[in-house]
Amino acid sequence: MSSSLEQIRHSFAHLLAAAIGEMYPGAKNTIGPAIDNGFYYDFEFPLGPDGKPQAPSDKDFLKIEKTMRKLLPHWKGFEKISVSADEAHARFRGNPYKLELIEEIIKKGEEVTLYKSGDFVDLCRGGHAEVKDMRQDAFKIERIAGAYWRGDEKNKMLTRIYGLAFASKEELDAYVTMITEAKKRDHKILGPALDLFTFSDLVGAGLPLWTPKGTIVRNLLDEFVWSLRSMRGYERVEIPHITKKDLYVTSGHWEKYQNDLFKIKTREGHEFAMKPMNCPHHTQIYARKQWSYKDLPQRYANTTTCYRDEQTGELSGLSRVRAFAQDDAHVFCRMSDVKSEFLKIWDIIHEFYPVFGFSLKVRFSRRDPAAPEKYLGGAERWDKAESVLREILDEKKATAIDGIGEAAFYGPKLDFMAQDSLGREWQVATIQLDMNMPERFDLTCVNDKGEKERIVMIHAAIMGSIERFLSLAIEHYAGAFPLWLSPVQVKVVPVRETNLAHASEVGALFAAAGLRADTDVSDTGFGKKVREAKDMKIPYTVIIGDKDMEKGVVTLKSRDKGKIGEMKAEDALAMLAKESAEKR
Ligand SMILES: [Zn+2]
Ligand SMILES: [Zn+2]
């Protein structure tokens with residue numbers, strides 16, 4: 001039987017610690033788990049004369065790898081050694097981290113186990129690979145970072161060495177290639193380079209500002225989602241971005257998400273908060289009157305900015321921000337409507353994502369039947385809700401990942417994962433059934449028997465947030481958006497000064513037809529103009545020179561297909577208009 005990747009990765013962490021022990025005799029090793037794509041190990045390195053830890057740097061990676069490769073052939077396996085508390089203490093004397101771990105193991109009444117491979121012995125609870133599965137050519141030291149002991153900033157800062165490890169060289173190489181490509185596509189670099197968004201120190205970290213070009217892309221995405229919703233009976237609503245504290249006390253957010261809220265004190269001393277989500281506000285739009293079951297479902301769509309007080313260190317480009325626009329929607333309906341409403345949202349998701357070339361996987365996030373206390377509402381309601389979701393999966397013939405225990409405490413959900421052009425998987429849309437909020441806000445309808453009936457609520461963001469979706473889309477396309485989504489669709493470039501007037505006319509013709517056309521009227525040379533259009537990844541360039549003018553044509557070039565040829569401006573226009581409308 002071959003070892004699992006996790007076992008392989010964890011075993012390489014041992015090998016790293018062995019190599020560091022040999023190369024840096026004063027280093028104290030602490031913990032070394034397997035992680036996605038590899039492993040890490042945290043060390044305390046002794047301080048040098050300059051008062052800084054004498055830790056390795058990126059220049060030492062190859063040396064560390066070399067030492068690991070030297071040691072590995074001497075390893076025959078991981079030999080388990082059970083020791084008494086005293087023996088364990090004696091062995092790790094001088095290493096306060098291991099002593100702390102040993103104390104904890106003893107306190108729990110567990111056995112203290114060491115594992116010996118070659119001459120290296122480490123405190124470990126086990127879970128190792130067979131040494132034959134630790135391939136010399138399938139690991140790599142990746143990077144170094146600081147990390148607090150046990151993740152607590154009150155503790156000492158340690159040096160964390162990250163490594164990559166796979167079952168084979170091919171898998172390692174494929175991963176490294178993917179990461180290299182991903183770096184080139186990093187939206188944090190490409191976004192500003194394409195003039196889509198910017199950050200300002202005065203405005204603050206995690207608060208992206210959208211340029212005219214970026215705003216075009218955002219609106220196009222939002223309009224696309226709205227077009228799919230409006231044909232399914234959704235109505236747009238609008239809400240303020242702040243609320244009295246009372247709303248979140250009732251919804252439970254005040255207690256639960258205290259630290260994530262931006263709070264505001266008014267001059268009269270009242271407490272308000274910036275909204276971290278829209279659902280509580282939307283409940284109050286529903287609650288404006290007593291609905292009959294005949295009026296249901298009520299479907300409210302609202303693309304609007306939410307605010308969360310993320311920690312500065314956690315912020316990252318558009319992926320983790322303090323202000324983000326959710327393409328949010330909530331459906332207020334009866335339990336008997338849940339299936340048809342979920343199906344509508346399912347269809348929207350499946351019409352939306354494939355347009356971008358994202359392939360989707362679905363996870364059925366249901367409750368953990370072994371822990372009923374974690375969930376709100378009785379078993380009967382949950383059984384009903386989960387069986388409805390299962391029916392949907394059957395009807396759609398979808399193979400879902402079984403997300404047992406992945407449900408929200410207030411209801412089961414369908415979570416969608418999208419795979420991008422680099423093969424990376426991202427959690428994107430979710431459809432969530434909520435049996436909690438209608439309870440908290442006492443939302444009802446009058447049913448066919450004239451009685452008040454508790455309704456349910458469905459949360460249904462398609463993109464999640466526009467910021468996050470765009471961060472994925474920029475990297476997925478490497479910034480080269482398809483025609484329909486490009487902020488500038490066509491650049492009209494005159495070869496010389498004498499072609500400028502005609503170029504402007506052609507540009508105006510394209511613009512009048514609704515295409516986002518930009519005529520280059522700058523003084524720069526022709527070559528530079530064409531290069532700029534290329535750098536900005538504009539899908540089409542229309543070139544107009546003397547010959548083109550004589551023949552009454554333009555020369556059309558495509559970013560993706562190269563030169564298309566000479567044609568009448570009207571024909572080029574028709575071609576582009578068609579492609580844009582089809583969202584190809
Ligand atoms: Zn181990
Ligand atoms: Zn919601």
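Predicted model, so just to flag it, every value in this text is computed and none were measured. Sequential numbering from 1 along the given sequence is applied to the chain's residues. First listed ligand is number 1; within each ligand, the first listed atom is number 1.
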Enquirer: Check the orientation of Phe356 and Phe352. Use parallel for under 30°, tilted for 30 to 60°, and perpendicular for over 60°.
Expert: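 Phe356 and Phe352: tilted rings.
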
Enquirer: Is any protein N, O or S atom closer than 2.8 Å to the Zn ion (ligand 2), and if so, which?
Expert: Cys279 SG, His330 NE2, His459 ND1

Enquirer: Is it the case that the side chains of Thr303 and Asp327 hold a donor-acceptor pair, with the cut-off being a distance below 3.5 Å and no angle test?
Expert: no

Enquirer: Is there a donor in the side chain of Lys169 and an acceptor in the side chain of Gln136, or the other way round, less than 3.5 Å apart?
Expert: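 Not at all, the side chains of Lys169 and Gln136 share no donor-acceptor pair under 3.5 Å.
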
Enquirer: Between the side chains of Glu238 and His281, does any donor sit under 3.5 Å from an acceptor?
Expert: no

Enquirer: State which residue, out of Arg390, Arg367, Arg366, fulfils the salt bridge (Lys or Arg N to Asp or Glu O under 4.0 Å) condition with Asp383.
Expert: Arg367

Enquirer: Under the salt bridge (charged side-chain N to carboxylate O under 4.0 Å, His left out) rule, what pairs show up with a residue in residues 29-46, not counting sequence neighbours?
Expert: Asp42-Arg160, Glu44-Lys156

Enquirer: For Lys374, give me all partners under salt bridge (Lys or Arg N to Asp or Glu O under 4.0 Å), at least two apart in sequence or on another chain.
Expert: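 Result, salt bridge (Lys or Arg N to Asp or Glu O under 4.0 Å) vs Lys374: none returned.
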
Enquirer: Below the 2.8 Å mark, what number of protein N, O or S atoms do you get around the Zn ion (ligand 1)?
Expert: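 For the Zn ion (ligand 1), protein nitrogen, oxygen or sulfur atoms under 2.8 Å: 4.
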
Enquirer: With salt bridge (Lys or Arg N to Asp or Glu O under 4.0 Å) as the test, pick out the partner of Glu104 among Lys98, Arg150, Arg125.
Expert: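 With Glu104 as partner, salt bridge (Lys or Arg N to Asp or Glu O under 4.0 Å) holds for just one option, Arg150.
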
Enquirer: For the residue pair Gln298 / Tyr300, report whether a side-chain donor-acceptor contact shorter than 3.5 Å exists.
Expert: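 Side chains of Tyr300 and Gln298: pair found under 3.5 Å.
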
